[in-house]
Number of protein chains: 2
Amino acid sequence: MGRIKTEQNISRKEVIIQKAATLFKEKGFKAASMRELADIVGVEAASLYNHIKSKNELLNIICFDVANRYIQKMDEIENEKISSLDKLAKLLRYHIHGMIYHFDEVYVSDREWKHLDNPYLSNLQTQRRNYRKRIAAIIEDGIKKKEIKKIDAPTAVLIMLHAISGIESWHRSKQKISGKELEENMITILIGGLKNK
Amino acid sequence: MGRIKTEQNISRKEVIIQKAATLFKEKGFKAASMRELADIVGVEAASLYNHIKSKNELLNIICFDVANRYIQKMDEIENEKISSLDKLAKLLRYHIHGMIYHFDEVYVSDREWKHLDNPYLSNLQTQRRNYRKRIAAIIEDGIKKKEIKKIDAPTAVLIMLHAISGIESWHRSKQKISGKELEENMITILIGGLKNK
DNA sequence: TTTTTTAACACTAACGTTTGTTAGTGTATT
DNA sequence: AATACACTAACAAACGTTAGTGTTAAAAAA
């Protein structure tokens with residue numbers, strides 16, 4: 001077989017990672033084999049190890065790439081001078097975009113992080129916990145300012161984040177509404193469910 | 001080792017199934033091994049096969065037990081003479097109860113069905129698709145009667161079901177609010193997000 | 001430009017584990 | 001006496017990964 005084909009500015013390693021994300025999404029991390037991944041990449045299994053250290057490294061990279069993107073966005077949004085409800089809506093839209101346009105990595109990061117090995121596992125768990133707390137803080141701020149209903153903030157976070165991960169079934173569905181419509185419907189229901197009066 | 005301990009009205013097979021559900025939930029179906037399950041049950045791996053046909057049979061049973069319970073409840077609710085929004089709320093509460101009190105099986109059924117083998121795989125997929133359609137029908141009825149906002153019904157279904165599966169993180173969280181509180185908060189946000197005006 | 005050197009990368013073969021599962025045998029319970 | 005059930009031993013297949021060798025593209029030297 002020939003070499004792994006690369007386009008400009010995208011390394012062979014990145015090709016592997018991206019195909020791994022797709023495979024892990026479809027089969028699950030444990031059920032996906034390196035030989036299968038190699039097939040998809042167009043190379044023998046052993047050759048993958050010229051580019052990566054292990055199967056688990058692939059999962060590490062996928063998970064932390066995603067996590068870091070969300071943390072960065074959170075940093076941005078927290079400092080904006082807009083209402084809590086607007087911050088929430090902005091965050092929500094960012095998550096929805098992620099689920100629509102970077103589906104494979106986001107899905108894997110969400111569902112397969114259990115199979116990370118330490119110290120990556122506990123690192124990611126901590127990151128995720130902190131991230132959820134920052135969202136909860138925005139919500140609590142909104143409740144204090146009476147923009148948002150009096151509800152349990154952690155519960156609201158849990159609903160938000162998991163509702164978004166439901167876009168998974170949108171991807172699988174036959175008659176899809178457009179991404180834009182999906183986004184607006186989700187905002188309507190979720191922000192509508194939080195808004196005071 | 002001795003025999004598998006059973007209590008009244010619960011067969012050895014059912015003991016295995018229930019411990020399998022817990023194990024599959026914690027490790028994922030593929031990552032969980034029969035030797036591990038045997039350890040938990042308190043028996044050698046080979047002995048499990050006096051009670052079950054295969055590892056996959058365990059998954060089949062878990063998934064279809066759950067699916068059938070929900071379908072049965074749907075049959076009940078559809079025929080009640082109450083508003084669409086009330087039907088939805090009732091269904092929601094049933095799902096929330098399931099996630100709180102039968103967590104292991106429900107979680108496994110939700111996340112590990114990918115690893116079913118045919119014909120069970122396609123059977124379950126069809127069942128799930130139909131189930132979602134029946135929920136969507138209730139929502140569309142509610143929209144027609146102006147009880148519910150004008151939104152895309154399948155999207156609302158997707159949000160509802162996935163929001164509920166978020167109870168998973170409630171289980172994992174340190175400072176849990178009570179199950180009752182969780183239920184009421186979820187109803188507030190989700191039904192609130194759907195209600196017209 | 002042409003040639004030589006080097007580094008990147010793909011190959012085959014095999015390793016040690018772990019996997020689900022079966023066969024066959026013995027031992028308790030009915 | 002018969003049935004239910006647990007045991008030991010072993011199987012074939014699949015797994016992630018390594019070692020060692022060849023090959024091709026890129027960098028350096030001519």
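- The residues A:Arg35 and A:Glu44 are annotated as not salt-bridged, no charged nitrogen and carboxylate oxygen being separated by less than 4.0 angstrom.
- With hydrogens and angles disregarded, no donor-acceptor distance shorter than 3.5 Å links the side chain of B:Asn185 to the backbone of A:Thr155.
- Heavy-atom distances under 4.0 Å link DNA chain D to no residue of residues 57-65 of chain A.
- Nucleotide D:dA6 holds its P atom 9 Å from the CG atom of B:Leu48, rounded to whole Å.
- Between A:Arg128 and A:Asp110 there is a salt bridge, since a side-chain N of the basic residue sits under 4.0 Å from a carboxylate O of the acidic one.
- Remark: B:Lys133 engages no residue in a side-chain contact (heavy atoms from CB on, under 4.5 Å) (not counting sequence neighbours).
- Phosphate proximity of D:dA6 to B:His51: present, with a side-chain N or O under 4.0 Å from OP1 or OP2.
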With sugar-phosphate taken as primed atoms, P, OP1 and OP2 and all else as base, the protein-contact string of nucleotides 17-25 of chain C at under 4.0 Å (heavy atoms; B, S, -) is --BBBB---
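- With rounding to whole Å, A:Glu44 atom CD is found 8 Å from C:dT12 atom C1'.
- For residues 166-180 of chain A, the pairs satisfying side-chain hydrogen bond (donor to acceptor under 3.5 Å, both in side chains) are A:Arg111-A:Glu168, A:Glu168-A:Arg172, A:Glu168-B:His162, A:Ser178-A:Glu181, A:Lys180-A:Glu184, with sequence neighbours left out.
- To the nearest angstrom, C1' of D:dT17 lies 14 Å from CG of A:Leu37.
- A:Asn60 pairs by the side-chain contact (heavy atoms from CB on, under 4.5 Å) definition with A:Leu116, A:Asp117, A:Tyr120, not counting sequence neighbours.
- Remark: C1' of C:dC9 and NZ of A:Lys13 are 15 Å apart, rounded to the nearest angstrom.
- The aromatic ring centroids of B:His95 and B:Tyr101 lie 6.0 Å or more from each other.
- Taking only side-chain nitrogens and oxygens, B:Arg12 never comes nearer than 4.0 Å to OP1 or OP2 of D:dA4.
- Scanning for ring pair (Phe, Tyr, Trp, His ring centres under 6.0 Å) contacts around B:Phe29 gives B:Phe24, B:His115, with sequence neighbours left out.
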